[in-house]
There are 2 protein chains.
Amino acid sequence: MEKGGAAPPIARLMAELTRLPGIGPKTAARLTYHLLRRPKEEAQALAEAIVALKEQTVLCSRCQNLSQADPCPLCSSPERDGGLICVVEEPLDILALERTGRYKGLYHVLHGVLSPLNGVGPDDLKVQELVERLKGGGVREVILATNPNVEGETTALYLHRLLLPLGVRLTRLARGLPMGADLEYADDVTLTQALEGRREF
Amino acid sequence: MEKGGAAPPIARLMAELTRLPGIGPKTAARLTYHLLRRPKEEAQALAEAIVALKEQTVLCSRCQNLSQADPCPLCSSPERDGGLICVVEEPLDILALERTGRYKGLYHVLHGVLSPLNGVGPDDLKVQELVERLKGGGVREVILATNPNVEGETTALYLHRLLLPLGVRLTRLARGLPMGADLEYADDVTLTQALEGRREF
């Protein structure tokens, strides 16, 4: 019965949208009614893009990033430095680092972080693939670029211990005050790290 | 070239999502990578729901609400009071009113508000359909339930003037303080309306 509520096709899309992260019932309703107002072609294009997303992407067998080709364009580019690997949690982190335009090495995507509380162990991440990659040789430095929070730090510490015997230089991103920050509102840990990591002016 | 950016199928969905209201590049990226992590069936279900939305909905020829059937279940229900019509701006407004469970009349969806600045005149709204409906007879009261803002008020005033000669009772929703409000922070207009509309305790 649609009486009193939205018509079934409308309720169905709202339910599907609500399953997405950060989309509550009100946002789902707003998006649904937006699509209802737009030309059919626009909704069709969105639906096709969703289907293509799953059908046309694979994991790069080297860096584990999502890509249309294997190996991915980054791994097969002659312009990138194969001796440098930046280990990140998620594919989105690569987009952020690439936007800086300053990193010329390769990547390795873990697809998560260690999280014992959520039952995520090393076998659930692309850790073994990283070890194999380093054993293959040719890598002189690994940047452990997990997020600066408890789980990211735990994962970095674990990888540090695991990779140390392989004789590769292990580094991590600098910690300190972000651009635009206000000392007055900075948290203690950030401020401490900013002090400890201070550099010559 | 996908070098440096996301793979084409990923970039394509992010672009399509960014066209939706309230979805910026970061939300689009988050949603896209969420879908990449979920089973293919889930993405497929979302895509199909989007296509079905456009293919299976029509405007009810009576109340102009979006529905799978024409007339819609509300208009064809014997339990609703056909002598009472609540005029709303958008289909979403009907969902909100139905959630109260207190309204037993029918609806009429304008599909917008008068907005000279945006080039929206009476001919762009379902105004003529409303007039025809009232001329058909049997309606004793029309509740003008447009939103309490400048454009909604303008539209209600326009409809009031237009419908007055038809001899139907014209009402509007009460104005006053919303539940949970704080007198200290209420705006002048709301407070004035709350005073003017005060009722016996």
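Keep in mind that what you see is a predicted model, and the values were worked out from it rather than measured. In what follows, every heavy atom counts, from backbone to side chain, and hydrogens, waters and symmetry copies are set aside. Residue numbers start from 1 in every chain, and the chains themselves are labelled A, B, ... in the order their sequence lines are given, proteins ahead of strands.
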Over all heavy atoms of both residues, which pair between A/Arg12 and B/Ala45 is shortest? Give the atoms and the distance, please.
NH2-O, 4.3 Å
With side chain to side chain contact (heavy atoms under 4.5 Å, CB included) as the test, would you mind laying out the steps for B/Glu48 and A/Leu13 before giving the verdict?
CA-CA 9 Å; B/Glu48 283 168 8; A/Leu13 180 57; over 6 Å; no
With only heavy atoms counted, which part of B/Glu55 is less than 4.5 Å from chain A, the side chain, the backbone, both or neither?
side chain
NZ/NE/NH1/NH2 to OD/OE distance under 4.0 Å, A/Arg30 and B/Glu90:
no
Enumerate by number any residue of residues 126-157 of chain A whose heavy atoms lie under 4.5 Å from heavy atoms of chain B; in the absence of such residues, state 'none'.
none
Specify the closest pair of heavy atoms between A/Ala43 and B/Lys54, including all atoms of both residues, with the distance to one decimal.
CB-CG, 3.6 Å
How long is the straight-line distance from CG of B/Leu20 back to CZ of A/Arg38, given to the nearest 0.5 Å?
10.0 Å
To the closest 0.5 Å, what do you measure between NE2 (A/His111) and CZ (B/Arg37)?
9.5 Å
B/Thr32, part contacting chain A, at a heavy-atom distance under 4.5 Å:
both
Please report the closest heavy-atom contact between B/Ala7 and A/Ser67, naming both atoms and the distance.
CB-CA, 3.8 Å
Between B/Ile23 and chain A, which part of the residue has a heavy atom less than 4.5 Å away: side chain, backbone, both or neither?
side chain
Closest non-hydrogen contact found for A/Ala52 with B/Pro9 is O-CB, 4.0 Å
Output for pair (A/Leu92 CG, B/Leu36 CG), nearest 0.5 Å, gives 9.0 Å
Value for CG (B/Leu31) from CG (A/Leu17), rounded to nearest 0.5 Å, stands at 9.0 Å
Counting heavy-atom pairs under 4.5 Å to chain A, which of B/Thr27, B/Ile10, B/Leu46 comes out on top?
B/Leu46
Pairs of heavy atoms under 4.5 Å with chain B: top-ranked of A/Ser76, A/Ala47, A/Ala15, A/Gly101
A/Ala47
So CD1 of B/Ile50 and NZ of A/Lys40: to nearest 0.5 Å the spacing works out to 14.0 Å
Spacing of CD belonging to A/Glu16 relative to CG belonging to B/Leu53, to within rounding of 0.5 Å:
12.0 Å
If you tally heavy-atom pairs under 4.5 Å between each of B/Ala49, B/Gly22, B/Ala29 and chain A, the highest tally belongs to B/Ala49
